[in-house]
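Following: one structure in structure tokens, then a few remarks.
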Number of protein chains: 2
Amino acid sequence: MIKTKTPPDAATGQHKQARRVTSYDVAMLAGVSQSAVSRCFKPGASVSKSTYARVMKAAEGLDYIPNAAARSLITRRSNMVAVVISQMANLYYPEALAELSHQIARRGKRVLLFTMQQEGDVGRLLADIWQYQVDGAIVAAALTDEQIGEFERRRLPLVVFNRNLRRSDGVNSVLCDQYEAGRLLASRLAAAGHRQFGIIGGPADSPVATERRTGASDRLRELGLPSPAVVAGQFDYASGTHGLREIIAQLGRVPDAVICGNDVMAIGCLDCARHELGLDVPGQLSVAGFDAVEPSNWLSYNLTTLRQPIGPMAQAAAELLTALIDAREGHETTAQTRAFAPQFIDGATARLVALAPASLAA
Amino acid sequence: MIKTKTPPDAATGQHKQARRVTSYDVAMLAGVSQSAVSRCFKPGASVSKSTYARVMKAAEGLDYIPNAAARSLITRRSNMVAVVISQMANLYYPEALAELSHQIARRGKRVLLFTMQQEGDVGRLLADIWQYQVDGAIVAAALTDEQIGEFERRRLPLVVFNRNLRRSDGVNSVLCDQYEAGRLLASRLAAAGHRQFGIIGGPADSPVATERRTGASDRLRELGLPSPAVVAGQFDYASGTHGLREIIAQLGRVPDAVICGNDVMAIGCLDCARHELGLDVPGQLSVAGFDAVEPSNWLSYNLTTLRQPIGPMAQAAAELLTALIDAREGHETTAQTRAFAPQFIDGATARLVALAPASLAA
DNA sequence: TTGTAGGCGTTATCAT
DNA sequence: ATGATAACGCCTACAA
């Protein structure tokens, strides 16, 4: 007996123990060398038709599948992409994740998922990302410049998703201009004659939330409108309902319009206005959100909002990342930013035309 | 020069090329053997305090992180768990995924995500699951017995999520009894005097959808009620709106109650009834769904539905799977099923008390 | 086209 | 406690 550590039941052959079937087993059964087997599983390798057939038959008989861990050790490619996402509660992110997963799968890779509750928790995930030897990462969360630097040092392709446009230099990113979106929404509402605004913002550690909020309030200030009542929320439904009440308490009256940091909060705000406060929307109050998540389009809401083109953005992210991965060896490619324009959705929860003097009187 | 393929800039030391830093580098810098380094990264190994400190300092200086692929090659543990999910559109699954990811992360593992459009596509994913050497899998999709057998042959721990209770023997599973849930909903509605039902079912390839539908219609038959109008849907909003119209066309009248295969379809049905057909819900029509996803609880809907306890279910699945993984070597454990009771949510979209004779007259 | 041999970066065994 | 050394399963020159 020369074989080391033969499993106890090897002689009986009853069932093969933990020992997995390897390319050696296949080679033996097919009567070829191990490297021949290896070549058969590499697309575009030079193998004769006859050996290919023999190997494949043997592989099938043994249920052989190449071991990706062993392969990645030598090829330095794991065919895994890290996707880092917070705010699964946000509704926008599940939609984005579904698209990302699909697009990444199309390109022959798989998603290793990293989720977290707070955006601030990214730091603790990073070590794991290094460990798992992913080929690249798509991060939809706030990264500090230092953290981005770590990706560079490790030469790990990185695409940030929805990061602040104004800080996107030097980083490959896919995004909507959230600041501009905030401005746009404020402009449209102001143009319709709304004067007193409320803003229900998102979490402090979310750059997207911050951009939207400052975009809107900057624009309102430019227009010389009264300063809006601003309250903080958590991107969830309850933040919308509480937020509206808080705004009303702050102002001592119902505002003309409320801009919410995302659709879910806008829906909460809307429901509170209609069902708890008995307000007519958009008659007495305009409400608008961001994202155009699916429920915003439901008949009960038909929300006025700004769509982020999730599909194209996910596709762009996957495309950009795989390009970076394929080009990793050799020339440094310069970072690019793919910005998408938010699309205004003219729903039914915001009045968008100025009131005629007559109707003001009425 | 003996070193093979020394990178061109190795002499300059300017920046280290693709060559990654390994435990050897750390060992060299710390002045210890490579195996000493390895031990330092294995919790509970025997290392002296002084070498540990030296190694860790060197590791930090070099940004060294153990390579998980190399490790898994020998330990036979990748610390990855495959999660297979379809129907990301369903709203229920994103919520489940978020919980699963969280629970799995707590146990020191990560989720390798496999998504698909149709449940029938599971087959094509399986080969990838074998490839990636995951430690186990949680599958929330329809698996054939043969496919389950393949997991067993490969001794890959498997937990099925929300598979048919009546076929759960021999498979580790976490589920709600969907058939019973369907019966329960039918019973409650029938008890309130509803006689003519409509059912908007889910996709044909979804066992969950099938169970709910047959549970409801079996119960209606037992009660001797007129046979319901049954239409098929895709678990999405549009299926709910179209479904209701189709049911009305089939029956030639508005049914007393509609049971929908999930909440999103129920919401579609509800919106169609109220906003397109001008029906009073629950005055003229009762509508109920399944899952208690977040929007079902929003004020505009307050849907009558059956909650699946996502949190406990995800926790059970993660727990069960990790237990299986830890017990993999040695004794076969017998398969277990963890069934959770659906919880009736007494919303405001279904009339649940019988009409008094007086009000019938009125 | 095919086989031989070395190496990818760890962990695990066994002396010391 | 520490250091050699042999796996782990595969890919890839290189030689034949």
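Lettering of chains follows the sequences in order, A, B, ..., and the numbering in each one begins at 1. Keep in mind the model is a prediction, meaning the values are calculated, not measured. Note that these values count all heavy atoms, side chains included, but never hydrogens, waters or copies made by symmetry.
- Residue B:Asp25 holds its CG atom at 10.5 Å from CD of B:Gln34, rounded to the nearest 0.5 Å.
- Whole-Å rounding puts the A:Asn67 CG to D:dA7 P distance at 18 Å.
- For C:dC8, the OP1/OP2 oxygens have no side-chain nitrogen or oxygen of B:Arg20 closer than 4.0 Å.
- Note: CD (B:Gln131) to C1' (D:dC10) measures 12 Å, nearest angstrom.
- Rounding to whole angstrom units, CH2 of residue A:Trp130 and P of C:dG9 are separated by 18 Å.
- A:Glu152 is linked by a salt bridge (charged side-chain N to carboxylate O under 4.0 Å, His left out) to nothing, counting only residues two or more places apart in sequence or in another chain.
- Phosphate contact (OP1/OP2 of D:dC10, side-chain N/O of A:Ser23, threshold under 4.0 Å): present.
- A:Thr322 places a side-chain N or O within 3.5 Å of a backbone atom of A:Ala318 that can act as its donor or acceptor partner.
- Listed here is the closest heavy atom pair of A:Met80 and B:Tyr132: CG-CE2, 3.6 Å.
- A residue-by-residue look at B:Thr75 and A:Gly31 shows that A:Gly31 has its nearest nucleotide of DNA chain C further toward the 5' end.
- Taking the side chain to side chain donor-acceptor pair (under 3.5 Å) definition, one finds that A:Asp121 meets it with A:Arg124, sequence neighbours left out.
- Taking atom OH of residue A:Tyr24 and atom P of nucleotide D:dG9, one finds them 10 Å apart after rounding to whole Å.
- Within residues 44-54 of chain B, the residues approaching DNA chain D are B:Ser46, B:Val47, B:Ser48, B:Thr51, by heavy-atom distance under 4.0 Å.
- For B:Arg77 and C:dT10, the CZ to C1' distance is 16 Å, given to the nearest whole Å.
- Distance, B:Ile74 CD1 to C:dT11 C1': 5 Å, rounded to whole Å.
- At least one side-chain nitrogen or oxygen of B:Tyr64 sits closer than 4.0 Å to the OP1 or OP2 atom of C:dT10.
- Contact annotation: B:Lys42 side-chain N/O to C:dT10 OP1/OP2 distance is not under 4.0 Å.
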If you apply the rule side-chain contact (heavy atoms from CB on, under 4.5 Å), what do you find for B:Leu73 with A:Leu73, and how did you get there? CA-CA 9 Å; B:Leu73 202 52; A:Leu73 202 51; 3.6 Å; yes
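- Atom CG of B:Leu73 is separated from atom P of D:dA6 by 17 Å (rounded to the nearest Å).
- Contacts of A:Arg107 classified as side chain to side chain donor-acceptor pair (under 3.5 Å), with partners at least two apart in sequence or in another chain: A:Gln103.
- For B:Arg77 against B:Asp135, the heavy-atom pair with the smallest separation is CA-OD1, 3.4 Å.
- Of all the residues in residues 32-41 of chain A, A:Val32, A:Ser33, A:Ser35, A:Ala36, A:Arg39 reach under 4.0 Å from DNA chain C with at least one non-hydrogen atom.
- A straight line from CG of B:Leu62 to P of C:dG9 spans 14 Å, rounded to a whole angstrom.
- With sequence neighbours left out, A:Glu119 forms a side chain to side chain donor-acceptor pair (under 3.5 Å) with no residue at all.
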